[in-house]
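In this chain, numbering begins with 1 at the start of the sequence shown.
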Amino acid sequence: MAKKEDVALRASRGRSDKALGYRLKRLRSETMKPTHAPPDEEAARQEKHVSLELGWGRLLFAQTFETNEELAAALRDEGPARRDIAFYIRDPHVLLSMAPQELFLDPSHTYRLDLATYRPSRRQPRGFFIRRLTSEADANAVNAIYQSRGMVTVRPDFFWTNRDSRAVTYFVAEDDQTGDILGTVTGVDHRRVFQDAENGTSLWCLAVDPQCRHAGVGEMLVRRLAEHFAARGASFMDLSVMHDNEQAIALYEKLGFHRVPVFAVKRKNPINEKLFTHPPEEFDRLNPYARLIVDEAHRRGVAVDVTDAEGGFFRLSFGGRSIQCRESLSELTSAVAMSICDDKAVTRRVVERAGLTVPEQMEAGDDDTALGAFIAKHGRVVVKPARGEQGKGVAVGLETLDEAKNAIRAAREISDRVLVEACFEGEDLRLVVIDYRLVAAAVRRAPRVVGDGQRTIEELIEHQSRRRAAATGGESRIPVDDETRRCIAGLGYALSSILPKGEEVEVRKTANLHTGGSIHDVTENVHPDLVEAACAAARAIDIPVVGIDLMIKSPDQPDYVFIEANERPGLANHEPQPTAERFVDLLFPRSGAKSAERALTPKA
């Protein structure tokens with residue numbers, strides 16, 4: 001017995017030694033060898049001074065430049081509002097010494113996937129599929145995802161004209177049911193770009209829509225690109241990922257990527273500023289709504305003092321002017337305007353006098369007869385606290401007296417006064433008005449889950465809630481409460497029910513982001529009457545920054561009823577619209593003009 005154990009131990013040690021030897025050999029090889037293969041016939045054919053235009057900027061292949069001086073000069077020729085990347089740099093310290101005031105070392109890691117040893121997954125995408133980018137509509141959707149992720153956008157015609165390129169490949173993930181584009185990835189074939197002697201490829205611009213409800217979209221995009229390049233006979237696929245992007249790094253390591261010692265260098269410009277400057281103190285503790293504004297102010301050179309990160313309070317100073325803010329609420333909003341927005345009954349009266357269409361409303365009391373008559377008259381009603389925010393205590397689509405009384409009891413935990421309104425069938429539209437002009441419009445949709453035939457509705461809600469929280473910095477979660485149970489019961493299910501595969505159910509009627517709702521930009525399609533209603537409401541309340549909520553039939557139709565006004569709208573929810581830019585323009589008008597001039601003036 002002891003002999004068998006000894007044999008097994010030696011065999012195990014032999015395997016471990018082999019694995020260690022392989023890792024050491026690979027490390028020595030990738031650390032010490034030059035970026036290109038030894039000079040031979042293939043290497044001699046490799047093109048020189050190669051820069052590939054990708055729409056958001058150029059990808060400069062450092063191994064094709066003979067000297068660091070030439071590479072530094074190429075980086076200094078970057079165009080306005082662009083983000084060039086010099087990649088495959090082995091000695092960044094030497095390159096940076098050529099232009100230390102203009103260049104910086106990108107704080108990212110390079111990861112490599114050996115395609116010869118890569119093994120495809122047996123798991124297939126659920127609820128979506130991967131395909132090539134094929135239309136201008138695809139290009140616009142990809143740009144919207146780029147914008148939502150803080151990436152540099154690309155002219156749609158650039159995507160379109162390069163859709164059949166053999167050197168650059170664009171894949172998108174499309175929702176099976178809605179046809180929406182959920183994610184995208186770009187691949188570059190180095191052999192086709194510059195006759196790469198190493199036969200390498202690289203992955204760029206992996207991005208998934210923050211509103212995506214399907215799991216595994218990013219992984220499937222990476223796998224599809226890897227399999228595409230493996231089928232071409234490529235040796236490896238590289239990528240660059242920010243050092244603190246733990247979620248992405250975990251995915252890449254799970255797929256078999258490993259770190260390699262090559263680096264990227266970029267040029268100091270307004271787009272890259274957050275990569276080479278320190279953010280304001282306590283910046284990381286701010287919520288996404290405050291952080292978006294602080295980041296825009298910092299980019300423009302507006303001084304930022306975070307006064308209370310947990311509450312979202314900060315002070316902005318520029319040109320002798322200083323303004324205290326709490327997210328999108330600033331000193332420019334008067335206490336009177338705040339008071340009007342704070343009480344939904346008062347808000348309704350003010351906007352009704354301004355000519356807006358409002359739903360019939362009553363204040364909930366102890367008279368069940370009056371409440372029953374109101375429900376009988378309108379069929380379905382909405383119960384909400386007179387004062388409150390983030391959708392707390394709101395119940396929609398109540399049809400019986402018992403449902404309404406239960407909802408009133410829940411709403412009274414938020415506010416002593418509770419309102420009952422006629423229910424308007426349609427979609428929830430949020431219009432962000434800044435300086436009495438529309439900046440963004442978005443349809444807010446109630447949270448939904450899609451069955452897989454295996455998990456209960458409660459498990460699906462928990463999974464979807466985790467995804468919404470991850471996509472919104474913890475701001476959006478689906479609560480499992482009496483309102484959720486009521487909505488599910490109305491569809492004939494319980495939390496413990498296993499939802500059939502492919503069936504989609506709405507688990508709450510309210511579409512507020514903080515209760516798990518999703519937001520879909522419709523700014524380009526919103527009807528002029530809806531825009532006029534929102535701006536009229538802002539003027540009636542006399543508030544410079546406001547989120548106006550309407551119930552509508554469709555964004556491109558004029559029918560609506562006014563729901564409420566929010567004096568502190570979440571500007572981070574409306575990409576790709578420039579909400580933070582317009583907010584800082586309102587506070588410091590001259591900062592915008594100067595910022596635009598700096599961004600658009602080419603280097604002399």
Side-chain angles (χ1 to χ4, degrees), residues 34-37 42-92 94-100 102-106 108 110 112 146 151-155 157-170 185-206 225 229 234 236-240 260 262-272 275-276 599-604:
T35 54
H36 53 75
E42 262 187 274
R45 291 201 302 267
Q46 187 168 283
E47 296 179 22
K48 305 298 182 185
H49 307 136
V50 176
S51 61
L52 176 66
E53 177 60 59
L54 288 172
W56 40 261
R58 298 174 301 161
L59 183 59
L60 282 67
F61 292 92
Q63 64 267 50
T64 67
F65 287 80
E66 295 177 346
T67 67
N68 282 303
E69 289 85 352
E70 291 172 337
L71 184 55
L75 275 167
R76 295 172 71 182
D77 284 338
E78 179 183 66
R82 312 278 281 169
R83 175 180 279 171
D84 289 353
I85 302 174
F87 198 43
Y88 293 109
I89 296 171
R90 297 280 175 165
D91 47 2
V94 178
L95 177 60
L96 294 179
S97 71
M98 306 295 171
E102 293 187 68
L103 306 180
F104 71 98
L105 181 62
D106 189 41
S108 58
T110 301
R112 173 167 295 179
Y146 284 176
M151 300 162 66
V152 181
T153 55
V154 178
R155 294 192 329 270
D157 63 294
F158 180 88
F159 281 125
W160 182 243
T161 54
N162 288 275
R163 67 190 185 281
D164 295 324
S165 169
R166 298 289 289 167
V168 182
T169 302
Y170 299 103
V185 70
T186 301
V188 176
D189 189 329
H190 303 173
R191 181 174 286 274
R192 296 176 188 268
V193 176
F194 62 93
Q195 296 294 318
D196 180 23
E198 286 191 290
N199 195 23
T201 63
S202 53
L203 177 154
W204 300 92
C205 299
L206 175 66
L225 189 62
F229 285 140
F236 57 83
M237 182 170 75
D238 290 347
L239 58 84
S240 181
V260 291
V262 294
F263 304 94
V265 167
K266 296 176 181 175
R267 184 171 172 267
K268 294 179 180 178
N269 61 31
I271 296 172
N272 292 325
L275 300 178
F276 61 85
L600 296 176
T601 301
K603 179 178 171 58

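Atom CZ of residue Arg90 and atom CZ of residue Phe263 lie 9.0 Å apart, to the nearest 0.5 angstrom. Here the CH2-CG distance, from Trp204 to Leu59, works out to 5.0 Å after rounding to the nearest 0.5 Å. To the nearest 0.5 Å, atoms CD (Glu70) and CG (Leu75) are separated by 12.5 Å. For the atom pair CG (Asp91) and CG (Asn68), the distance works out to 4.5 Å, reported to the nearest 0.5 Å. Going from atom CG of Leu275 over to atom CG of Asn269 covers 9.0 Å, rounded to the nearest 0.5 Å. Interatomic distance, Leu225 CG to Leu206 CG, rounded to the nearest 0.5 Å: 9.5 Å.
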List the steps and the verdict of side chain to side chain donor-acceptor pair (under 3.5 Å) for Arg83 and Asn272. CA-CA 7 Å; Arg83 175 180 279 171; Asn272 292 325; 2.7 Å; yes

Phe61 and Val188: side-chain contact (heavy atoms from CB on, under 4.5 Å), yes or no, with the steps? CA-CA 11 Å; Phe61 292 92; Val188 176; 4.1 Å; yes

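The two residues Val154 and Phe159 make their nearest non-hydrogen contact at CB-CE1, 3.6 Å. Heavy-atom minimum distance, Met98 versus Pro100: C-CD, 3.8 Å. Residues Leu105 and Ala264 approach most closely at CD1-O, 3.5 Å, considering heavy atoms. The minimum heavy-atom distance linking Thr186 with Cys205 is given by the pair OG1-CB, 4.0 Å. Shortest non-hydrogen contact noted between Ala86 and Leu71 is CB-CD1, 4.1 Å.
Aromatic ring centroids of Tyr88 and His190 lie under 6.0 Å apart.
Put simply, the side chain of Lys48 reaches to within 4.5 Å of the side chain of Glu66, judged on heavy atoms. A heavy-atom distance below 4.5 Å is not found between the side chains of Lys268 and Glu102. Side-chain atoms of Leu95 and Phe65, non-hydrogen and from C-beta on, never get closer than 4.5 Å to each other. Contact check for Phe194 versus Gln63: side-chain heavy atoms found under the 4.5 Å cut-off. Using a 4.5 Å cut-off on side-chain heavy atoms (C-beta onward), Val168 and Leu54 make contact. A heavy-atom distance below 4.5 Å is not found between the side chains of Ile85 and Asp106.
Within the 3.5 Å criterion, the main-chain N or O of Arg267 finds no donor-acceptor partner in the side chain of Asp84. With hydrogens and angles disregarded, a donor-acceptor distance shorter than 3.5 Å links the side chain of Arg82 to the backbone of Gly55. In this structure, Thr201 contributes its side chain and Phe236 its backbone to a donor-acceptor pair below 3.5 Å. With hydrogens and angles ignored, the 3.5 Å screen pairs a side-chain donor or acceptor of Arg58 with a backbone N or O of Ala74. A donor-acceptor pair under 3.5 Å is formed between the side chain of Thr110 and the backbone N or O of Val262.
Comment: Asp238 engages Arg112 in a salt bridge, judged by a side-chain N to carboxylate O separation of less than 4.0 angstrom.
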